[in-house]
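Reading through the structure tokens given below for one structure.
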Amino acid sequence: MSPAIMFQGTCSNAGKSLLTAALCRLLARRGLRVVPFKAQNMALNSFVTADGKEMGRAQALQAAACGLAADVRMNPVLLKPTSNTGSQVIVMGEPVGQMRVGAYLRYKPEAWKAVRRAYRSLAAEADVVVLEGAGSPAEINLKAHDIVNMRMARYARAHVALVADIDRGGAFAALAGTMALLTRAERARVAGFILNKFRGDPTLLDPALQTLTRRTGKPFWGVVPMLENLRLPEEDSVSFKMGITPGLRMGECLPATADMLDIVVLDLPHISNATDLDALRQEPGLRLRIVRCAEDWGHPHAVIVPGSRNTVADLRFLRATGLADAILHFARTGLETSRGVLVGICGGLQMLGSVIADPLTLEEGGSERGLGILPLATRLEADKKLLRVTGRACACLTANVPSGGSGAATDEKLLVPAQEVEGYEIHHGRTVPLSGQVESCSLPCESVTQQPRVIMADLSGRPLGWGLCDSAGRARVWGSYVHGLFDADAFRHAFLASLRDDNGMPPFEGAPYALGPELDRLADTVEKSLDMPAIYGLLGLC
């Protein structure tokens, strides 16, 4: 097989994904065809490939670092948790079922076959493969069923770099303890250690590095510094939940300022595709706050209800915490005063509707009343929609326009394009307007129209989102199934400019959102920090 190296960690969130992306970038710069690979990923941040397959968001980023299109073979098994004990299992980009732990363990031999087929096919096309492990290879309760750490390293004949996060403390004990719990053959596969996320003078670590090298016989390949404000998509929502994602504030009901937009993002227990916020969190003149209780609501200019892998459970969470009432009040005030915008993305769109039916028990089963803000009905169906989309957004999303139009997707008055939009859909829900049923809406005020408008459509005219407009024709409540909407600079900047105009704020020049420069910054830092000749030597590249 092609030469291979694998980043494994002493814990989750040690930085394996970003180190993999960095090495992919460095090898690609050398003119090599390098590919990333992660046998099994457990994450709710997923991506849709050009051929309509679902894979982990981290491997899509690593593919971009290689200069390649995302390929589902790079992440053949994806687990999307729906509860503490069950996940949707996706193999080679397609869902194969909802499984609790026991059922998945019985299925794992089939998953391992898919992993091996994917790896052989991918490695045959590459000069080098950079693999990523998951969690820790020393989880002794999981090792018997391992398909992503040492078992995968052995199959790929990969050298292993063991990574520890020194920022959270206990890094040396974690490295020594991990080595102690590995078998002799597994320890032999570990080629070197890396300390990640260090703040300070790395020379202060020298005595500890030397001691651990003597104890384990393994060299340290370097100390990678903490990279502040790195604007790259996260593999999962761990950093989001901990409130340590750059550009996101946890809670903090802060006072309003004259020139700073305040946008609230609801911290749903089963939040998915939190990467939808990545482009927003880098914008100047914008405060993006994570809110999980009504006490932290404050006075936002916009509110985003993000995607969810268990929409019904998260809807119940909103009601239990008082956030549902805060959302309703915000939407009503926005429509009546022409201030504020409420946005729902994917599962968030479903929650803003009137009802969510789950007859197949894909999530919780039964039928659940929605927030009732948008007169829409959603039914969760067996077939999962996975596709990339390109379309047009209505002018009402980003500018005040005269009201009018029937709401049909082909209405030229409605679909005067403010901006082109693109992204991807990942959902089981089929959502339709409730024709003529304004009584199903929780916002009975004069500015609410009888029917929700189609505020976004693909190039064939298929609706991608719906909204309610105020008396001036501005969409004050809207939702869409499209992930990645805010990644496009033109649409995002026009949306923010309209919010600023609504609130009498001066214009603010927006920042571009581009992964390339951030990947280069990451790669440059890693190249300066690690013993690259040693790594290249192991791969036979010196």
Distance-minimising heavy-atom pair for M456 and S480:
SD-OG, 3.7 Å
Give a yes or no answer on whether the side chain of S83 reaches the backbone of G86 with a donor-acceptor pair at less than 3.5 Å.
yes
Any sub-3.5 Å donor-acceptor pair from R476's side-chain atoms to L468's backbone N or O?
no
In this structure, CG of L328 is separated from OG1 of T333 (nearest 0.5 Å) by 10.5 Å
Is there a side-chain contact between L380 and E364, using heavy atoms and a 4.5 Å cut-off?
no
Step by step, work out the side-chain contact (heavy atoms from CB on, under 4.5 Å) result for L61 and L232.
CA-CA 8 Å; L61 175 67; L232 290 173; 4.1 Å; yes
So how far is it from Q419 CD to D489 CG, rounded to the nearest 0.5 Å?
10.5 Å
With sequence neighbours excluded, tell me which residues meet salt bridge (Lys or Arg N to Asp or Glu O under 4.0 Å) with D167.
R199
Pair D470-S338, side-chain donor/acceptor within less than 3.5 Å:
yes
I need the H301 NE2 to N503 CG distance, nearest 0.5 Å.
4.0 Å
Is there a side-chain contact between V291 and D267, using heavy atoms and a 4.5 Å cut-off?
no
Are any non-hydrogen side-chain atoms of R168 and N13 less than 4.5 angstrom apart?
yes
Could you give me the CA-CA distance, side-chain angles and deciding distance for V343 and V341, then say whether side-chain contact (heavy atoms from CB on, under 4.5 Å) is met?
CA-CA 6 Å; V343 179; V341 176; 3.8 Å; yes
Test K38 against every option in Q62, Q59, E132 by the side chain to side chain donor-acceptor pair (under 3.5 Å) rule and name the one that passes.
E132
Scanning both residues in full, the closest heavy-atom pair of P233 with D278 reads CA-OD2, 3.0 Å
Check whether R500 reaches the backbone of P506 with its side chain - one donor and one acceptor, N or O, closer than 3.5 Å.
yes
Main chain of L376, side chain of Q350: is a donor-acceptor contact present, judged purely on distance under 3.5 Å?
no
Heavy-atom distance under 4.5 Å between the side chains of I304 and D276, does that happen here?
no
Looking only at side chains, do K80 and S46 share a donor and an acceptor under 3.5 Å apart?
yes
Looking only at heavy atoms, what is the nearest atom pair of F47 and G56, with distance?
CB-O, 4.4 Å
Which atom pair, heavy atoms only, marks the closest approach of K16 to G135?
NZ-O, 3.5 Å
Under a 4.5 Å cut-off applied to non-hydrogen side-chain atoms, are F7 and N196 in contact?
no
Between T525 and P225, what is the shortest heavy-atom contact and its length?
CG2-CG, 3.6 Å
D165 side-chain N/O to A14 backbone N/O, donor-acceptor pair under 3.5 Å:
no
Carboxylate-amine/guanidinium proximity below 4.0 Å for R73 and D71
yes
Atom pair CG/OG1 of D296 and T321 - distance to nearest 0.5 Å
11.0 Å
T431: partners by side chain to side chain donor-acceptor pair (under 3.5 Å), with sequence neighbours left out:
T378, Y481
To the nearest 0.5 angstrom, please state how far the CG atom of L18 sits from the NZ atom of K197.
8.0 Å
Please examine the side chains of F508 and L286, heavy atoms only from C-beta on, and report whether any two atoms are closer than 4.5 Å.
no
Any side-chain to backbone donor/acceptor pair from E94 onto K53? Under 3.5 Å, distance only.
no
Count the heavy atoms belonging to other residues, nucleotides or ligands that lie under 6.0 Å from CZ of R319, then report whether that count exceeds 12.
yes
Any donor-acceptor pair under 3.5 Å from D314 side chain to S308 backbone
no
Identify every side-chain donor-acceptor pair in residues 513-524 under 3.5 Å, counting partners at least two apart or on other chains, and give the distances.
residue, atom, partner, partner atom, Å
E518, OE1, R231, N, 2.7
E518, OE1, R521, NH2, 3.2
E518, OE2, R521, NE, 3.4
D520, OD1, R25, NE, 2.9
D520, OD1, R25, NH2, 3.4
D520, OD1, R29, NH2, 3.1
R521, NH2, E228, O, 3.3
R521, NH2, N229, O, 3.0
D524, OD1, R29, NH1, 2.9
D524, OD1, R29, NH2, 3.0

Check whether T82 reaches the backbone of N310 with its side chain - one donor and one acceptor, N or O, closer than 3.5 Å.
no
Using 0.5 Å steps for rounding, measure from the CG atom of L44 to the CZ atom of R309.
8.0 Å
Got N273 and P306 here, is their nearest side-chain heavy-atom distance under 4.5 Å?
no
Is there a side-chain contact (heavy atoms from CB on, under 4.5 Å) between V265 and R281? Walk through the geometry before answering.
CA-CA 11 Å; V265 179; R281 63 187 174 91; over 6 Å; no
Check whether any side-chain heavy atom of C394 sits under 4.5 Å from a side-chain heavy atom of R453, and report yes or no.
no
Given 3.5 Å as the limit, does a donor-acceptor pair link the side chain of H493 with the main chain of A488, or not?
no
Main-chain N/O of D487 paired to R492 side chain as donor or acceptor, under 3.5 Å
yes
Plane angle bin for W297 and F330 - parallel if under 30°, tilted between 30 and 60°, otherwise perpendicular:
perpendicular
Quick one: sort the H483 and Y424 rings into parallel, tilted or perpendicular, breaks at 30° and 60°.
tilted
Should E363 and H270 be marked as a side-chain contact (heavy atoms from CB on, under 4.5 Å) after you check the CA-CA gap, both sets of side-chain angles, and the distance that decides it?
CA-CA 11 Å; E363 293 182 357; H270 303 91; over 6 Å; no
Does E425 pair with R462 as a salt bridge, N-O distance under 4.0 Å?
yes
Atom CZ of R379: over 12 foreign heavy atoms under 6.0 Å:
no
Residue pair G473 / C396: nearest heavy atoms and the distance that separates them
O-CB, 3.0 Å
